[in-house]
Amino acid sequence: MKFTAEQIAGILEGEVVGDPNAEVSRLSKIEEGEEGSLTFLANPKYINYIYTTKASVTIVNDSFIPEQEITTTLIKVEDAYASFSKLLQFYNQVKLNKNGIEAQSFMSEGTKYGENLYLGSFSYIGQNVVLGNNVKIYPNSFIGDNVIIGDNVYIFAGAKIYSETIIGNNCTIHSGTIIGADGFGFVPDEEGVYSKVPQIGNVIIEDNVDIGANTTIDRATLGSTIIRKGVKLDNQIQIAHNVEIGKNTVIAAQSGVAGSTKIGENCMIGGQVGIAGHLIIGNNVRLQAQSGVARNIKDDEILQGTPSLGYTDFNKSYVHFKNLPKIVSELDELKKQIINPKNGNNG
């Protein structure tokens with residue numbers, strides 16, 4: 001797939017300085033640019049590379065004025081980094097814009113779907129499923145009965161969407177993700193033998209949600225597990241039954257949220273954070289990586305540690321944590337001096 005500098009400038013509303021017909025078919029770092037590639041210069045630290053890069057086209061800020069001869073064609077824009085990001089999104093949309101139903105896929109009778117559906121080979125669509133416009137379901141995916149999926153949704157290879165799940169518009173679900181598996185519900189009898197509690201709720205995922213690879217979101221026991229608008233979940237995250245995650249909250253990899261916990265809006269949760277069940281986490285909360293949360297958290301708190309402490313308190317305490325051997329040694333020495341003072345007086 002090739003684009004000319006002129007076409008790219010049109011997408012970015014930029015100005016071409018050089019050959020408007022220069023063609024590119026791939027992206028590169030400026031220091032690794034080769035003929036036929038497109039790159040960008042946003043960080044002044046890399047300015048020397050623009051005079052040596054072999055990239056055919058380079059996106060730069062409007063303010064850039066070459067001080068030496070250059071061979072790359074420039075596209076001048078207001079913000080080179082933002083424009084390159086926009087171009088990456090455009091490139092990704094073009095690359096992923098597959099259409100049609102491939103052989104060896106299965107779609108149940110009565111499935112309703114909109115325009116530009118892509119259904120990859122060995123995928124399965126259950127009964128009474130509704131798919132919006134521009135839905136892309138990659139090979140080896142499973143969509144259970146009564147699932148509803150909105151417009152512009154990408155479901156990558158090997159994802160599994162259990163029955164009754166509802167997914168909004170503009171969502172991305174990466175490979176290996178499982179949405180709607182049973183929550184972890186068991187009840188022991190008098191002899192300690194566990195019996196399963198049927199999980200008859202569902203999962204609701206609102207608009208503009210991204211879910212990373214191999215993340216699992218369990219269905220509710222009753223009611224719904226809910227992922228609100230704009231939530232971003234990294235890879236390998238566990239969201240238990242009846243959890244609710246507020247809009248625009250982001251959670252990094254290998255974190256886990258236990259059942260029935262409610263997380264507020266605009267929270268930032270680092271990697272490997274563990275959150276106990278039946279808690280309420282406020283809005284704008286920051287949880288540093290590997291924190292363990294076992295209590296309710298108020299709005300705007302920043303926590304770290306296990307059990308988690310206030311972020312500032314943790315850092316102050318850590319100064320003492322790492323000096324504990326020295327502190328203990330000094331205390332032992334003080335004890336000796338009190339018990340056996342130099343004057344020999346034990347009283």
Judged by modelled atom types alone, do [X] and [Y] share a side-chain donor-acceptor pair under 3.5 Å?
X	Y	result
Thr177	Thr215	no
Ser224	Asn202	yes
Thr221	Gln199	yes
Thr216	Gln238	yes
Asn134	Asp151	no
Glu102	Tyr118	yes

Under a 4.5 Å cut-off applied to non-hydrogen side-chain atoms, are [X] and [Y] in contact?
X	Y	answer
Ile205	Cys171	yes
Ile173	Ile179	yes
Tyr194	Pro188	yes

Could you go step by step and tell me if Asn99 and Lys136 meet the side chain to side chain donor-acceptor pair (under 3.5 Å) rule? CA-CA 8 Å; Asn99 292 300; Lys136 313 298 179 183; 3.0 Å; yes

Under the criterion side chain to side chain donor-acceptor pair (under 3.5 Å), I'd like the reasoning laid out for Glu164 against Asn146: C-alpha separation, chi angles, the key distance, then a yes or no. CA-CA 5 Å; Glu164 279 74 47; Asn146 307 311; 2.6 Å; yes

Is any side-chain N of the basic residue among Glu34 and Lys54 closer than 4.0 Å to the acidic one's carboxylate O?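 Between Lys54 and Glu34 there is no salt bridge, as every charged N stays at least 4.0 Å from the carboxylate O atoms.
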
Looking at Lys229 and Glu265, does any basic side-chain N land under 4.0 Å from a carboxylate oxygen?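 So Lys229 does not pair with Glu265 through a salt bridge.
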
Just how far is it from atom CD of Glu244 to atom CD1 of Ile226, taken to the nearest 0.5 Å?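 Here the rounded value is 4.5 Å.
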
Can you name the nearest heavy-atom pair linking Arg219 to Asp182, along with the distance?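 Result for this residue pair: CD-OD1, 3.8 Å.
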
Is the distance from the ring center of Phe184 to that of Phe186 below 6.0 Å?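 Aromatic pair counts; centres sit under 6.0 Å.
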
